[in-house]
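Here the structure is a predicted model, which is why all the values come from computation and not from measurement.
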Amino acid sequence: MIDTEVAQTFDRRSALFLAGGAVLTSVLVLRMLQMQVFDFKDYTKKSESNSFRIQINMPQRGNIISGSGNIISRDTQTYRIYIIPEESDNLDNLVQTVANHLKLKKKSIDRIWRTIKKQRSFQPVLIGENHNWNKLAQLSAKNIPGLHIYNGFSRVYEMGPAGAQIFGYVGEPKKPVPNAPFFTTGISGLEKQFNDILSGTPGQTVMLTNALGRITGEDKSQHIPSQIGSDLKITIKENVQKILYDSLVINKAGCGVALDIVSGSMLAMASTPSFDPNIFEKDDGEEYIASLLSDIAKPFMNKTIEGLYPPGSTFKIIVALAALEAGAITPTEKIFCPGYWEYGNHKYHCWEPKGHGWEDLTGALKHSCDVYFYQVALRIGIDAIKEMALKLGLNQKYLDGIFTNEMAGILPDRHWKEKNIGYNWVHGDTIISGIGQGYTLTNCLQLATMMARVASNKKVTPHLIFSEKNQKFKTLGIQQKNIKHVLNGLEQVTKKGGTAAGSAINVNGKRMGGKTGTSQVRSISKSERQTGVLTNDQLKWNLRNHGLFVGYAPTNNPKYAVCVITEHSGGSGPAARTAANMLKELLTNG
């Protein structure tokens with residue numbers, strides 16, 4: 001039985017708890033009523049403002065600066081035009097007005113409408129990009145509902161196609177970056193390899209959004225400014241680069257390089273056909289890129305380091321030095337050339353069917369006598385030839401840290417042939433190697449390096465990125481008297497009777513020396529020689545020989561070295577003239 005006093009106490013406490021609960025319940029009910037009925041609009045607005053969106057702000061990209069100190073790749077302010085469909089009271093009129101003002105093509109207008117239909121009405125639709133403000137000022141002044149103009153940057157390449165394979169270009173990444181309408185990255189060339197340096201650091205803007213994703217404001221407390229990219233200085237001189245490119249364009253396809261012998265700086269480096277990266281961001285940029293990708297001439301290819309060619313008679317420089325160093329010949333020894341040389345059961349022809357008669361080293365270089373170098377090559381053997389070729393810079397990659405597609409080429413020997421061809425090396429292989437034919441393949445930069453090393457007797461190593469440090473190259477260790485004998489022959493090449501006499505230059509008494517070369521792209525059969533060898537003019541363009549020229553200047557104190565390769569030009573004339581144009585510019589203006 002419960003005590004009466006205890007029962008009374010319990011009843012009082014229960015009553016208090018019940019009363020308190022009733023009061024709290026009443027307060028809660030009233031609060032909910034206030035929130036849901038009286039303060040509905042305020043809390044709806046607050047509840048919708050419950051998210052945010054980070055917008056990435058792209059910085060201005062760093063400049064690429066030439067060896068002359070001029071900006072050759074830069075960012076310029078540009079504008080993108082968007083429309084937000086739900087903000088427009090007449091969407092058809094909005095699209096048509098903008099299209100008329102920007103003179104958009106039908107395909108662009110169709111693309112806009114496709115985007116509008118597949119997106120939600122509050123999402124922005126890109127109308128156009130890379131416009132300047134003068135073009136948009138009048139449109140902006142109309143204050144058309146739904147029209148938005150955003151500023152950003154686009155890339156400008158001052159040299160256009162003249163340096164496209166070097167500088168490369170920027171574009172959108174393969175995977176788009178959310179909330180970054182102007183996000184670009186280096187796609188090729190220097191823009192790609194040095195993207196981290198050039199691109200700078202992106203900033204951010206925090207945009208407040210409601211539950212539906214619409215922007216309601218900006219959280220300025222979390223704003224982070226972007227930081228401009230750093231500049232990149234290279235060694236290319238645009239005056240020499242332009243002369244090289246313009247000369248190469250005349251011949252359709254080819255490549256060329258100019259080097260400073262003292263520093264190893266690359267002063268020019270061009271490849272044709274090329275492309276203009278300034279077109280990529282225009283309205284018809286996608287069509288232009290598609291046409292380039294389908295071009296069999298491969299305009300994106302940097303032939304100076306990716307293209308491999310038989311060196312032709314430019315290789316005779318290597319054979320001559322190897323023979324002199326080995327003591328296999330003397331500069332005054334003469335070899336008779338009747339227009340061919342029979343060895344075993346094979347007849348090896350000279351490029352001059354009538355022959356050159358008796359030739360010493362100087363004459364053989366001046367007239368590029370094949371018979372002379374057939375016999376000299378066989379005397380010293382392929383191992384000595386390869387050793388000298390490696391010493392002079394062939395079969396090496398110099399810009400591999402910048403351009404991933406650089407090719408080393410081929411310097412064959414016994415082991416290489418057995419491994420790659422499956423046959424033993426024979427004397428005939430050595431003989432044709434003596435004139436730069438057979439299996440030997442090299443590129444334009446390697447041949448320019450070879451010329452620089454011969455002209456200086458130093459281990460010149462080319463570089464493209466500017467450095468304040470003075471380069472000091474080690475000596476090659478070749479006997480200077482032998483270097484002199486070869487250079488004497490190369491001086492004669494551009495004099496009367498030489499194979500490049502028509503390309504000779506004289507800048508205040510400063511002249512050039514060099515060596516011509518021709519690379520066959522087809523074999524000439526025995527029956528064709530008997531019936532008459534077709535001239536290059538009688539052949540289709542792609543069956544004509546390549547022309548080559550390596551040169552240096554001035555002859556009395558070499559400072560510059562060049563190499564030019566003109567594809568299917570039929571002979572070395574166009575290559576020699578292009579090289580002469582570069583050397584003349586360098587001797588005149590530096």
Side-chain angles (χ1 to χ4, degrees), residues 255-257 259 261 264 266 269 271 301-326 373 376-377 380-421 423 425 429-464 473-478 483 486 515 517 519-520 546 548-550 552 561-565:
C255 55
V257 170
L259 297 178
I261 294 176
M266 298 181 64
M269 179 187 191
S271 176
M301 181 181 182
N302 187 348
K303 295 178 181 178
T304 59
I305 54 175
E306 296 179 48
L308 292 179
Y309 307 86
S313 291
T314 64
F315 199 73
K316 293 172 181 176
I317 296 173
I318 293 172
V319 177
L321 274 176
L324 289 170
E325 286 289 284
F373 286 97
V376 171
I380 58 177
I382 192 61
D383 293 335
I385 294 174
K386 181 173 183 177
E387 181 182 355
M388 182 58 70
L390 289 171
K391 181 177 289 188
L392 294 178
L394 270 61
N395 200 222
Q396 298 176 40
K397 295 182 180 182
Y398 296 105
L399 304 178
D400 193 36
I402 301 176
F403 302 104
T404 57
N405 293 329
E406 183 175 6
M407 303 293 287
I410 298 173
L411 278 179
D413 57 13
R414 295 174 177 80
H415 175 72
W416 181 91
K417 186 179 180 183
E418 290 173 2
K419 179 180 178 181
N420 293 278
I421 308 299
Y423 292 98
W425 189 269
D429 295 324
T430 302
I431 291 170
I432 61 173
S433 293
I435 63 167
Q437 299 292 347
Y439 302 112
T440 304
L441 292 175
T442 185
N443 64 39
C444 193
L445 178 56
Q446 290 173 5
L447 289 174
T449 303
M450 175 199 73
M451 188 69 261
R453 292 187 177 188
V454 171
S456 64
N457 199 8
K458 293 182 179 180
K459 191 178 179 180
V460 178
T461 303
H463 65 271
L464 182 60
F473 301 118
K474 296 179 179 180
T475 180
L476 290 175
I478 299 174
I483 290 286
V486 170
K515 182 71 191 76
S519 295
Q520 291 184 349
H546 298 322
L548 299 91
F549 185 83
V550 293
Y552 66 100
V562 298
C563 174
V564 177
I565 299 174

Inset, instruction - List the steps and the verdict of side-chain contact (heavy atoms from CB on, under 4.5 Å) for Asn420 and Tyr439. - result: CA-CA 11 Å; Asn420 293 278; Tyr439 302 112; over 6 Å; no
Inset, instruction - Taking the side chain as every heavy atom from C-beta outward, state whether Val550 and Val562 have any atom pair closer than 4.5 Å. - result: no
Inset, instruction - Heavy atoms only: give me the nearest Ser456-Ile261 pair and the separation to one decimal. - result: CB-CG2, 3.6 Å
Legend entry - Non-hydrogen side-chain atoms of Trp425 and Thr430 separated by less than 4.5 Å: yes
Legend entry - More than 12 heavy atoms of other groups within 6.0 Å of Lys458 NZ: no
Inset, instruction - Mind checking the OH-CD spacing from Tyr309 to Gln446? Nearest 0.5 Å is all I need. - result: 12.5 Å
Inset, instruction - Enter the distance from Leu445:CG to Phe403:CZ here, rounded to the nearest 0.5 Å. - result: 10.0 Å
Inset, instruction - Using modelled atom types only, decide if a donor and an acceptor are shared between the side chain of Gln396 and the backbone of Leu390 within a distance under 3.5 Å. - result: yes
Inset, instruction - Taking Thr440 for its side chain and Pro311 for its backbone only, find out whether a donor-acceptor pair lies under 3.5 Å. - result: no
Inset, instruction - Measure across Met269 and Asn302 and return the closest heavy-atom pair with its distance rounded to 0.1 Å. - result: CE-ND2, 3.3 Å
Legend entry - Side-chain heavy atoms of Trp416 within contact of Ile421, under 4.5 Å: yes
Inset, instruction - Take Thr442 and Asn395 through the test side-chain contact (heavy atoms from CB on, under 4.5 Å) and record every step on the way to the result. - result: CA-CA 7 Å; Thr442 185; Asn395 200 222; over 6 Å; no
Inset, instruction - Please examine the side chains of Leu548 and Val564, heavy atoms only from C-beta on, and report whether any two atoms are closer than 4.5 Å. - result: no
Legend entry - Student check: side-chain heavy atoms of Phe549 and Ile565 closer than 4.5 Å: no
Legend entry - Test item: Ser313 and Lys515 side chains (from C-beta on) under 4.5 Å apart, heavy atoms: yes
Legend entry - Partners meeting side-chain hydrogen bond (donor to acceptor under 3.5 Å, both in side chains) with Lys459 (sequence neighbours left out): none
Inset, instruction - Check whether any side-chain heavy atom of Ile478 sits under 4.5 Å from a side-chain heavy atom of Glu325, and report yes or no. - result: yes
Legend entry - Heavy-atom closest contact (Leu308 atom, Gly409 atom, distance): CD2-CA, 3.6 Å
Inset, instruction - Might you confirm whether atom CD of Glu387 has over 12 heavy atoms from other residues, nucleotides or ligands at distances under 6.0 Å? - result: no
Inset, instruction - Calculate, to the nearest 0.5 Å, the distance between atoms OG1 and CE belonging to Thr304 and Met266 respectively. - result: 6.0 Å
Inset, instruction - Take Glu406 and Tyr398, measure what side-chain contact (heavy atoms from CB on, under 4.5 Å) needs, and give me the verdict at the end. - result: CA-CA 8 Å; Glu406 183 175 6; Tyr398 296 105; 4.1 Å; yes
Inset, instruction - Go through Leu392 and Leu476 one step at a time and tell me if the side-chain contact (heavy atoms from CB on, under 4.5 Å) criterion holds. - result: CA-CA 8 Å; Leu392 294 178; Leu476 290 175; 3.8 Å; yes
Legend entry - Closest heavy-atom pair and its distance - Gly434, Phe373: O-CB, 3.7 Å
Legend entry - Nearest heavy atoms of Val486 and Ala320, plus distance in Å: CG2-CB, 4.1 Å
Inset, instruction - Find the distance between CZ (Arg453) and CG (Leu259) and round it off to the nearest 0.5 Å. - result: 10.5 Å
Legend entry - Listed partners of Lys417 passing salt bridge (Lys or Arg N to Asp or Glu O under 4.0 Å), at least two apart: Asp429
Legend entry - Nearest non-hydrogen partners of Cys563 and Leu447, listed with the distance: SG-CB, 3.6 Å
Legend entry - Atom pair NZ (Lys391) and CE (Met450), whose distance is rounded to the nearest 0.5 Å: 15.0 Å
Inset, instruction - State, yes or no, whether a side-chain contact exists between Cys444 and Ile305 at a heavy-atom distance under 4.5 Å. - result: no
Legend entry - Spacing of CD belonging to Glu418 relative to CZ belonging to Arg414, to within rounding of 0.5 Å: 9.0 Å
